[in-house]
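Labels below follow one simple rule: chain letters A, B, ... track the order of the sequence lines, proteins then strands, and each chain is numbered from 1.
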Protein chains: 2
Amino acid sequence: MAVSERGPRERMVFSAAQLIRRDGVTATGLRDVAAHAGAPRGSLGHYFPGGKEQLVNEAVAWAGRYAAKRVDRFLAEMSEPSPSRLFAAMVRQWTDEFETVGFTSGCPVVAATVDWADSTESTRAAAADAFAGWSRPVARALTGMGVPAERAEPLATLMISALEGAILIARAERDVRALTTVARELAPLLDGAVIRRT
Amino acid sequence: MAVSERGPRERMVFSAAQLIRRDGVTATGLRDVAAHAGAPRGSLGHYFPGGKEQLVNEAVAWAGRYAAKRVDRFLAEMSEPSPSRLFAAMVRQWTDEFETVGFTSGCPVVAATVDWADSTESTRAAAADAFAGWSRPVARALTGMGVPAERAEPLATLMISALEGAILIARAERDVRALTTVARELAPLLDGAVIRRT
DNA sequence: GCTCTACTATGACGGCTGTCATAATCGACG
DNA sequence: CGTCGATTATGACAGCCGTCATAGTAGAGC
(Lines give C-alpha, C1' and ligand atoms only; values in the text may rest on other atoms or scores of the structure.)
Protein backbone atom coordinates (compact mmCIF):
# COMPACT_ATOMS: atom_id res chain seq x y z
CA MET A 1 0.00 0.00 0.00
CA ALA A 2 1.22 3.51 0.79
CA VAL A 3 2.56 4.80 -2.52
CA SER A 4 -0.69 4.78 -4.51
CA GLU A 5 -0.15 7.48 -7.11
CA ARG A 6 -3.39 9.51 -6.77
CA GLY A 7 -5.69 6.55 -7.15
CA PRO A 8 -9.32 6.60 -8.23
CA ARG A 9 -10.44 6.59 -4.61
CA GLU A 10 -8.65 9.82 -3.83
CA ARG A 11 -9.91 11.36 -7.05
CA MET A 12 -13.48 10.58 -6.09
CA VAL A 13 -13.11 12.25 -2.70
CA PHE A 14 -11.62 15.29 -4.40
CA SER A 15 -14.36 15.40 -7.01
CA ALA A 16 -17.02 15.03 -4.34
CA ALA A 17 -15.61 18.07 -2.51
CA GLN A 18 -15.62 20.09 -5.72
CA LEU A 19 -19.18 19.22 -6.65
CA ILE A 20 -20.45 19.65 -3.10
CA ARG A 21 -19.02 23.12 -2.74
CA ARG A 22 -20.69 24.14 -5.99
CA ASP A 23 -24.12 22.49 -5.83
CA GLY A 24 -24.53 21.44 -2.22
CA VAL A 25 -24.53 17.96 -0.75
CA THR A 26 -28.07 16.89 -1.63
CA ALA A 27 -27.85 18.04 -5.23
CA THR A 28 -24.58 16.18 -5.75
CA GLY A 29 -25.31 12.66 -7.01
CA LEU A 30 -22.94 9.77 -6.70
CA ARG A 31 -23.15 9.22 -10.45
CA ASP A 32 -21.98 12.81 -10.94
CA VAL A 33 -19.05 12.25 -8.61
CA ALA A 34 -17.92 9.14 -10.47
CA ALA A 35 -18.24 10.87 -13.83
CA HIS A 36 -16.37 13.96 -12.63
CA ALA A 37 -13.56 11.80 -11.27
CA GLY A 38 -13.41 9.74 -14.43
CA ALA A 39 -13.90 6.73 -12.20
CA PRO A 40 -16.18 3.77 -12.74
CA ARG A 41 -19.52 4.04 -11.01
CA GLY A 42 -19.21 0.48 -9.78
CA SER A 43 -16.19 1.39 -7.67
CA LEU A 44 -18.18 3.64 -5.39
CA GLY A 45 -19.65 0.81 -3.39
CA HIS A 46 -16.24 -0.78 -3.09
CA TYR A 47 -14.22 2.16 -1.89
CA PHE A 48 -17.02 3.65 0.19
CA PRO A 49 -19.05 0.82 1.69
CA GLY A 50 -20.59 3.40 4.02
CA GLY A 51 -22.31 4.92 0.99
CA LYS A 52 -22.76 8.59 0.30
CA GLU A 53 -22.44 9.44 3.96
CA GLN A 54 -18.88 8.12 4.09
CA LEU A 55 -17.90 9.85 0.86
CA VAL A 56 -19.29 13.18 2.03
CA ASN A 57 -17.57 12.90 5.38
CA GLU A 58 -14.23 12.16 3.74
CA ALA A 59 -14.67 15.08 1.37
CA VAL A 60 -15.35 17.38 4.32
CA ALA A 61 -12.33 16.05 6.17
CA TRP A 62 -10.19 16.51 3.08
CA ALA A 63 -11.34 20.13 2.78
CA GLY A 64 -10.50 20.76 6.42
CA ARG A 65 -7.00 19.38 6.02
CA TYR A 66 -6.52 21.37 2.84
CA ALA A 67 -7.50 24.63 4.56
CA ALA A 68 -5.15 23.91 7.45
CA LYS A 69 -2.25 23.21 5.09
CA ARG A 70 -2.91 26.44 3.25
CA VAL A 71 -2.56 28.39 6.48
CA ASP A 72 0.84 26.84 7.12
CA ARG A 73 1.89 27.62 3.56
CA PHE A 74 0.77 31.24 3.81
CA LEU A 75 2.85 31.55 6.95
CA ALA A 76 5.91 30.01 5.37
CA GLU A 77 5.72 32.36 2.39
CA MET A 78 5.39 35.48 4.51
CA SER A 79 8.53 37.55 4.95
CA GLU A 80 7.22 39.71 7.80
CA PRO A 81 4.33 37.84 9.37
CA SER A 82 1.49 39.71 11.03
CA PRO A 83 -2.08 38.70 11.88
CA SER A 84 -3.57 41.09 9.35
CA ARG A 85 -1.28 39.80 6.62
CA LEU A 86 -2.22 36.20 7.37
CA PHE A 87 -5.90 37.09 7.19
CA ALA A 88 -5.32 39.02 3.98
CA ALA A 89 -3.70 35.93 2.47
CA MET A 90 -6.64 33.74 3.49
CA VAL A 91 -9.04 36.24 1.96
CA ARG A 92 -6.98 36.68 -1.17
CA GLN A 93 -7.16 32.96 -1.90
CA TRP A 94 -10.90 33.42 -2.34
CA THR A 95 -10.86 36.72 -4.21
CA ASP A 96 -8.38 35.16 -6.61
CA GLU A 97 -10.61 32.15 -7.22
CA PHE A 98 -13.72 34.27 -7.64
CA GLU A 99 -12.06 36.63 -10.07
CA THR A 100 -10.41 33.98 -12.20
CA VAL A 101 -12.73 30.96 -12.03
CA GLY A 102 -15.96 32.76 -11.16
CA PHE A 103 -18.37 32.69 -8.24
CA THR A 104 -19.59 29.18 -8.87
CA SER A 105 -18.25 27.47 -5.75
CA GLY A 106 -18.02 28.11 -2.03
CA CYS A 107 -16.65 26.18 0.92
CA PRO A 108 -17.49 22.45 1.06
CA VAL A 109 -17.56 22.42 4.85
CA VAL A 110 -20.20 25.14 4.83
CA ALA A 111 -22.24 23.25 2.25
CA ALA A 112 -22.12 20.10 4.35
CA THR A 113 -23.16 22.02 7.45
CA VAL A 114 -26.07 23.71 5.72
CA ASP A 115 -27.37 20.59 4.00
CA TRP A 116 -26.71 17.77 6.43
CA ALA A 117 -25.90 19.16 9.88
CA ASP A 118 -29.36 18.35 11.16
CA SER A 119 -29.97 15.04 9.43
CA THR A 120 -26.63 13.24 9.47
CA GLU A 121 -24.78 13.29 12.75
CA SER A 122 -21.50 11.94 11.41
CA THR A 123 -21.33 14.68 8.78
CA ARG A 124 -22.05 17.35 11.37
CA ALA A 125 -19.18 15.96 13.45
CA ALA A 126 -16.92 15.89 10.39
CA ALA A 127 -17.70 19.55 9.75
CA ALA A 128 -16.95 20.42 13.36
CA ASP A 129 -13.62 18.60 13.09
CA ALA A 130 -12.83 20.44 9.87
CA PHE A 131 -13.44 23.81 11.50
CA ALA A 132 -11.38 22.82 14.52
CA GLY A 133 -8.52 21.50 12.39
CA TRP A 134 -8.55 24.72 10.39
CA SER A 135 -8.71 26.96 13.44
CA ARG A 136 -5.79 25.28 15.18
CA PRO A 137 -2.99 26.34 12.80
CA VAL A 138 -4.46 29.82 12.62
CA ALA A 139 -4.37 30.18 16.40
CA ARG A 140 -0.88 28.72 16.52
CA ALA A 141 0.26 31.21 13.90
CA LEU A 142 -1.19 34.09 15.92
CA THR A 143 0.65 33.10 19.08
CA GLY A 144 3.80 32.83 17.02
CA MET A 145 3.30 36.45 16.00
CA GLY A 146 3.02 37.62 19.57
CA VAL A 147 -0.69 37.33 20.25
CA PRO A 148 -1.34 36.26 23.86
CA ALA A 149 -2.35 32.63 24.11
CA GLU A 150 -5.76 33.34 25.58
CA ARG A 151 -6.71 35.59 22.69
CA ALA A 152 -5.33 33.49 19.84
CA GLU A 153 -8.16 30.99 19.66
CA PRO A 154 -10.98 33.56 19.89
CA LEU A 155 -9.36 35.63 17.17
CA ALA A 156 -8.94 32.57 14.98
CA THR A 157 -12.66 31.88 15.37
CA LEU A 158 -13.42 35.48 14.45
CA MET A 159 -11.21 35.29 11.37
CA ILE A 160 -12.79 32.09 10.09
CA SER A 161 -16.31 33.30 10.86
CA ALA A 162 -15.80 36.58 9.02
CA LEU A 163 -14.16 34.80 6.10
CA GLU A 164 -16.92 32.21 5.70
CA GLY A 165 -19.63 34.84 5.99
CA ALA A 166 -17.94 37.08 3.46
CA ILE A 167 -17.59 34.15 1.06
CA LEU A 168 -21.34 33.62 1.22
CA ILE A 169 -22.14 37.28 0.64
CA ALA A 170 -19.63 37.46 -2.19
CA ARG A 171 -21.21 34.44 -3.86
CA ALA A 172 -24.68 35.95 -3.57
CA GLU A 173 -23.57 39.36 -4.83
CA ARG A 174 -21.13 38.01 -7.40
CA ASP A 175 -18.73 40.62 -6.07
CA VAL A 176 -15.63 40.29 -3.92
CA ARG A 177 -16.57 43.49 -2.06
CA ALA A 178 -17.54 41.69 1.16
CA LEU A 179 -14.22 39.82 1.21
CA THR A 180 -12.01 42.87 0.71
CA THR A 181 -14.12 44.75 3.24
CA VAL A 182 -13.70 42.27 6.09
CA ALA A 183 -9.97 42.03 5.38
CA ARG A 184 -9.59 45.81 5.60
CA GLU A 185 -11.86 46.37 8.60
CA LEU A 186 -10.49 43.52 10.68
CA ALA A 187 -6.81 44.36 10.10
CA PRO A 188 -6.29 46.91 12.91
CA LEU A 189 -8.09 44.72 15.44
CA LEU A 190 -5.94 41.71 14.55
CA ASP A 191 -2.62 43.55 14.59
CA GLY A 192 -3.64 45.34 17.79
CA ALA A 193 -3.67 42.02 19.60
CA VAL A 194 0.09 41.60 19.19
CA ILE A 195 1.89 42.26 22.46
CA ARG A 196 5.57 41.52 22.07
CA ARG A 197 7.44 41.84 18.80
CA THR A 198 10.50 43.66 17.58
CA MET B 1 -58.32 41.95 -1.11
CA ALA B 2 -55.85 43.43 1.33
CA VAL B 3 -57.04 42.12 4.69
CA SER B 4 -56.31 38.43 4.09
CA GLU B 5 -55.82 37.10 7.63
CA ARG B 6 -52.58 35.10 7.20
CA GLY B 7 -53.78 33.10 4.23
CA PRO B 8 -52.46 29.74 3.10
CA ARG B 9 -50.17 31.41 0.60
CA GLU B 10 -48.30 33.32 3.27
CA ARG B 11 -48.16 30.22 5.44
CA MET B 12 -46.51 28.27 2.65
CA VAL B 13 -43.81 30.91 2.16
CA PHE B 14 -43.15 30.87 5.90
CA SER B 15 -43.04 27.09 6.02
CA ALA B 16 -40.71 26.98 3.04
CA ALA B 17 -38.30 29.32 4.83
CA GLN B 18 -38.39 27.16 7.94
CA LEU B 19 -37.76 23.91 6.10
CA ILE B 20 -35.10 25.43 3.87
CA ARG B 21 -33.10 26.76 6.77
CA ARG B 22 -33.14 23.35 8.39
CA ASP B 23 -32.61 20.93 5.49
CA GLY B 24 -31.41 23.10 2.61
CA VAL B 25 -33.21 24.04 -0.58
CA THR B 26 -32.74 20.84 -2.55
CA ALA B 27 -33.78 18.54 0.27
CA THR B 28 -36.96 20.52 0.89
CA GLY B 29 -39.77 19.06 -1.21
CA LEU B 30 -42.86 20.95 -2.22
CA ARG B 31 -44.99 18.22 -0.66
CA ASP B 32 -43.18 18.80 2.63
CA VAL B 33 -43.86 22.51 2.43
CA ALA B 34 -47.57 22.02 1.85
CA ALA B 35 -47.80 19.51 4.69
CA HIS B 36 -45.86 21.75 7.08
CA ALA B 37 -48.11 24.69 6.24
CA GLY B 38 -51.25 22.58 6.60
CA ALA B 39 -52.08 23.69 3.09
CA PRO B 40 -53.42 21.60 0.24
CA ARG B 41 -50.79 20.35 -2.15
CA GLY B 42 -52.93 21.35 -5.11
CA SER B 43 -52.69 25.00 -4.14
CA LEU B 44 -48.98 25.19 -4.78
CA GLY B 45 -49.37 25.48 -8.51
CA HIS B 46 -52.04 28.11 -8.08
CA TYR B 47 -50.23 30.46 -5.73
CA PHE B 48 -46.80 29.87 -7.20
CA PRO B 49 -47.16 29.38 -10.94
CA GLY B 50 -43.40 29.93 -11.16
CA GLY B 51 -42.93 26.62 -9.37
CA LYS B 52 -40.39 25.88 -6.69
CA GLU B 53 -38.13 28.64 -7.91
CA GLN B 54 -40.73 31.29 -7.15
CA LEU B 55 -41.52 29.83 -3.73
CA VAL B 56 -37.85 29.66 -2.75
CA ASN B 57 -37.24 33.22 -3.90
CA GLU B 58 -40.18 34.51 -1.90
CA ALA B 59 -39.00 32.60 1.16
CA VAL B 60 -35.55 34.18 0.83
CA ALA B 61 -37.06 37.63 0.41
CA TRP B 62 -39.26 37.07 3.43
CA ALA B 63 -36.22 36.09 5.50
CA GLY B 64 -34.38 39.22 4.39
CA ARG B 65 -37.27 41.47 5.38
CA TYR B 66 -37.58 39.67 8.69
CA ALA B 67 -33.90 40.18 9.51
CA ALA B 68 -34.13 43.86 8.62
CA LYS B 69 -37.18 44.34 10.83
CA ARG B 70 -35.40 42.65 13.72
CA VAL B 71 -32.57 45.15 13.49
CA ASP B 72 -35.01 48.05 13.74
CA ARG B 73 -36.69 46.39 16.70
CA PHE B 74 -33.39 45.80 18.50
CA LEU B 75 -32.63 49.47 18.03
CA ALA B 76 -35.99 50.61 19.35
CA GLU B 77 -35.66 48.45 22.46
CA MET B 78 -32.17 49.72 23.28
CA SER B 79 -31.95 52.35 26.02
CA GLU B 80 -28.35 53.38 25.32
CA PRO B 81 -27.56 52.31 21.77
CA SER B 82 -24.02 51.42 20.76
CA PRO B 83 -22.62 49.39 17.88
CA SER B 84 -21.43 46.60 20.14
CA ARG B 85 -24.80 46.39 21.84
CA LEU B 86 -26.60 46.15 18.51
CA PHE B 87 -24.29 43.36 17.42
CA ALA B 88 -24.73 41.63 20.76
CA ALA B 89 -28.50 41.72 20.26
CA MET B 90 -28.20 40.24 16.76
CA VAL B 91 -25.98 37.48 18.11
CA ARG B 92 -28.21 36.85 21.11
CA GLN B 93 -31.17 36.17 18.86
CA TRP B 94 -29.25 33.14 17.59
CA THR B 95 -27.79 31.96 20.86
CA ASP B 96 -31.31 32.10 22.30
CA GLU B 97 -32.72 29.99 19.49
CA PHE B 98 -29.89 27.47 19.63
CA GLU B 99 -30.17 27.07 23.39
CA THR B 100 -33.94 26.77 23.51
CA VAL B 101 -34.93 25.13 20.23
CA GLY B 102 -31.66 23.41 19.40
CA PHE B 103 -29.12 23.65 16.61
CA THR B 104 -31.41 22.28 13.94
CA SER B 105 -31.76 25.36 11.75
CA GLY B 106 -29.58 28.08 10.29
CA CYS B 107 -30.20 31.07 8.07
CA PRO B 108 -32.43 30.48 5.04
CA VAL B 109 -30.57 33.02 2.93
CA VAL B 110 -27.34 31.14 3.49
CA ALA B 111 -28.99 27.85 2.59
CA ALA B 112 -30.33 29.33 -0.64
CA THR B 113 -26.89 30.73 -1.51
CA VAL B 114 -25.11 27.44 -0.85
CA ASP B 115 -27.62 25.27 -2.70
CA TRP B 116 -28.79 27.38 -5.61
CA ALA B 117 -26.46 30.35 -6.11
CA ASP B 118 -24.79 28.70 -9.07
CA SER B 119 -27.75 27.00 -10.69
CA THR B 120 -30.64 29.43 -10.31
CA GLU B 121 -29.89 33.04 -11.15
CA SER B 122 -33.10 34.47 -9.73
CA THR B 123 -32.46 32.84 -6.36
CA ARG B 124 -28.91 34.14 -6.29
CA ALA B 125 -30.28 37.63 -6.94
CA ALA B 126 -32.91 37.17 -4.22
CA ALA B 127 -30.19 36.22 -1.76
CA ALA B 128 -28.14 39.28 -2.73
CA ASP B 129 -31.19 41.47 -2.20
CA ALA B 130 -31.81 39.87 1.18
CA PHE B 131 -28.26 40.59 2.31
CA ALA B 132 -28.50 44.16 1.01
CA GLY B 133 -31.86 44.76 2.66
CA TRP B 134 -30.47 43.43 5.93
CA SER B 135 -27.26 45.42 5.73
CA ARG B 136 -29.04 48.72 5.07
CA PRO B 137 -30.76 49.14 8.47
CA VAL B 138 -27.59 48.01 10.23
CA ALA B 139 -25.54 50.67 8.48
CA ARG B 140 -28.21 53.27 9.13
CA ALA B 141 -28.22 52.36 12.82
CA LEU B 142 -24.44 52.72 12.98
CA THR B 143 -24.49 56.23 11.50
CA GLY B 144 -27.21 57.11 13.99
CA MET B 145 -24.82 56.11 16.76
CA GLY B 146 -22.07 58.37 15.49
CA VAL B 147 -20.18 56.11 13.11
CA PRO B 148 -18.87 58.10 10.12
CA ALA B 149 -20.94 57.50 7.00
CA GLU B 150 -18.08 56.02 5.01
CA ARG B 151 -17.39 53.37 7.66
CA ALA B 152 -20.98 52.41 8.42
CA GLU B 153 -21.53 50.18 5.42
CA PRO B 154 -18.21 48.31 5.67
CA LEU B 155 -18.79 47.67 9.35
CA ALA B 156 -22.31 46.42 8.64
CA THR B 157 -20.84 43.96 6.14
CA LEU B 158 -18.31 42.83 8.72
CA MET B 159 -21.02 42.33 11.33
CA ILE B 160 -23.22 40.25 9.06
CA SER B 161 -20.26 38.24 7.75
CA ALA B 162 -19.04 37.40 11.22
CA LEU B 163 -22.55 36.57 12.39
CA GLU B 164 -23.31 34.24 9.48
CA GLY B 165 -19.96 32.52 9.78
CA ALA B 166 -20.38 32.04 13.51
CA ILE B 167 -23.87 30.61 12.97
CA LEU B 168 -22.36 27.98 10.69
CA ILE B 169 -19.60 27.06 13.12
CA ALA B 170 -22.07 26.95 15.99
CA ARG B 171 -24.34 24.61 14.06
CA ALA B 172 -21.44 22.31 13.23
CA GLU B 173 -20.10 22.32 16.79
CA ARG B 174 -23.51 22.32 18.44
CA ASP B 175 -22.10 25.00 20.69
CA VAL B 176 -22.76 28.73 20.82
CA ARG B 177 -19.08 29.37 21.55
CA ALA B 178 -18.34 30.84 18.12
CA LEU B 179 -21.25 33.26 18.42
CA THR B 180 -20.35 34.59 21.87
CA THR B 181 -16.71 34.80 20.76
CA VAL B 182 -17.32 37.00 17.73
CA ALA B 183 -19.63 39.24 19.78
CA ARG B 184 -16.96 39.74 22.44
CA GLU B 185 -13.99 40.13 20.10
CA LEU B 186 -15.70 42.50 17.69
CA ALA B 187 -17.12 44.81 20.38
CA PRO B 188 -14.13 47.16 20.87
CA LEU B 189 -13.63 47.54 17.12
CA LEU B 190 -17.28 48.45 16.59
CA ASP B 191 -17.50 50.92 19.46
CA GLY B 192 -14.14 52.41 18.48
CA ALA B 193 -15.65 53.57 15.20
CA VAL B 194 -17.95 56.01 16.99
CA ILE B 195 -16.72 59.56 16.54
CA ARG B 196 -19.20 61.97 18.08
CA ARG B 197 -21.48 61.06 20.95
CA THR B 198 -22.17 62.41 24.43
C1' DG C 1 -1.43 -22.23 -15.06
C1' DC C 2 -4.45 -21.77 -11.27
C1' DT C 3 -6.54 -19.37 -7.73
C1' DC C 4 -7.98 -15.92 -5.17
C1' DT C 5 -8.57 -11.19 -4.33
C1' DA C 6 -9.45 -6.48 -5.91
C1' DC C 7 -11.74 -4.00 -8.82
C1' DT C 8 -15.02 -2.98 -12.60
C1' DA C 9 -19.37 -3.17 -15.09
C1' DT C 10 -24.33 -3.21 -15.55
C1' DG C 11 -28.90 -3.14 -14.55
C1' DA C 12 -32.79 -3.48 -11.48
C1' DC C 13 -35.27 -1.78 -7.43
C1' DG C 14 -38.30 1.26 -4.63
C1' DG C 15 -38.81 5.80 -3.52
C1' DC C 16 -38.77 10.43 -4.09
C1' DT C 17 -38.75 14.74 -6.98
C1' DG C 18 -41.20 18.88 -9.64
C1' DT C 19 -44.63 19.43 -12.98
C1' DC C 20 -48.82 19.09 -15.16
C1' DA C 21 -53.80 17.74 -16.46
C1' DT C 22 -58.06 16.83 -15.02
C1' DA C 23 -62.03 17.17 -11.83
C1' DA C 24 -64.36 18.17 -7.95
C1' DT C 25 -65.63 21.63 -4.68
C1' DC C 26 -66.55 25.91 -2.69
C1' DG C 27 -68.35 30.85 -2.36
C1' DA C 28 -69.84 35.00 -3.87
C1' DC C 29 -72.34 37.64 -7.08
C1' DG C 30 -76.00 38.66 -10.34
C1' DC D 1 -81.29 29.62 -8.31
C1' DG D 2 -77.58 29.66 -11.53
C1' DT D 3 -73.18 30.78 -12.88
C1' DC D 4 -68.62 31.64 -12.88
C1' DG D 5 -64.21 32.20 -10.83
C1' DA D 6 -61.01 30.80 -7.32
C1' DT D 7 -59.37 27.22 -4.82
C1' DT D 8 -58.65 22.40 -3.80
C1' DA D 9 -58.05 17.47 -4.77
C1' DT D 10 -55.98 13.61 -7.05
C1' DG D 11 -53.35 11.03 -9.84
C1' DA D 12 -50.16 10.41 -13.71
C1' DC D 13 -45.76 11.43 -15.70
C1' DA D 14 -40.75 11.23 -16.67
C1' DG D 15 -36.63 11.63 -14.31
C1' DC D 16 -33.37 11.23 -10.86
C1' DC D 17 -31.77 9.41 -6.49
C1' DG D 18 -28.90 5.87 -3.35
C1' DT D 19 -28.52 1.13 -2.85
C1' DC D 20 -27.86 -3.43 -3.95
C1' DA D 21 -27.10 -7.92 -6.52
C1' DT D 22 -24.98 -10.10 -10.01
C1' DA D 23 -21.57 -10.89 -13.17
C1' DG D 24 -17.39 -9.98 -15.47
C1' DT D 25 -12.45 -8.73 -15.63
C1' DA D 26 -7.92 -8.06 -14.45
C1' DG D 27 -3.46 -9.18 -11.91
C1' DA D 28 -0.52 -10.70 -8.33
C1' DG D 29 1.21 -14.86 -5.58
C1' DC D 30 2.27 -19.44 -5.39
Mind calculating the distance between CE (A:M12) and P (C:dC7) to the nearest angstrom? 10 Å

What verdict does the side-chain contact (heavy atoms from CB on, under 4.5 Å) test give for A:L86 and A:M90, after you've listed the backbone C-alpha separation in whole Å, the side-chain angles of each residue and the deciding distance to 0.1 Å? CA-CA 6 Å; A:L86 171 60; A:M90 293 165 64; 4.2 Å; yes

Assign the ring pair B:W62 / B:F14 to parallel, tilted or perpendicular, where the plane angle (0 to 90°) is split at 30° and 60°. perpendicular

Does A:Y47 place a side-chain N or O at less than 4.0 Å from the phosphate oxygens OP1/OP2 of C:dT8? yes

Have A:Q54 and A:E58 got a donor and an acceptor in their side chains that come within less than 3.5 Å? yes

Under 4.0 Å, heavy atoms only, any strand: does A:T28 hit a base, just the sugar-phosphate, or nothing? sugar-phosphate

Rounded interatomic separation in angstrom, taking CZ from A:F48 and C1' from C:dT8: 15 Å

Just the endpoints, please: which first and last nucleotides of DNA chain D, 5' to 3', lie under 4.0 Å from a heavy atom of chain A? D:dC17 to D:dT19

Atom CZ of B:R31 and atom C1' of C:dT17 are separated, to the nearest Å, by 6 Å

Hey, which sits more toward the 5' end of DNA chain D by its nearest nucleotide, A:E53 or B:H46? B:H46

What is the separation between atom CZ on B:R41 and atom P on C:dC16, rounded to the nearest whole Å? 13 Å

In terms of side-chain heavy atoms, does B:T104 have a donor or acceptor partner in A:D118 at a distance below 3.5 Å? no

Atom-to-atom span, CZ of A:R9 to C1' of C:dC7 - whole angstrom: 14 Å

For A:D115 and A:A112, indicate whether the former's side chain and the latter's backbone hold a donor-acceptor pair under 3.5 Å. no

Determine whether a donor-acceptor pair (N or O, by modelled atom type, separation under 3.5 Å) exists between the side chain of B:R124 and the backbone of A:A172. yes

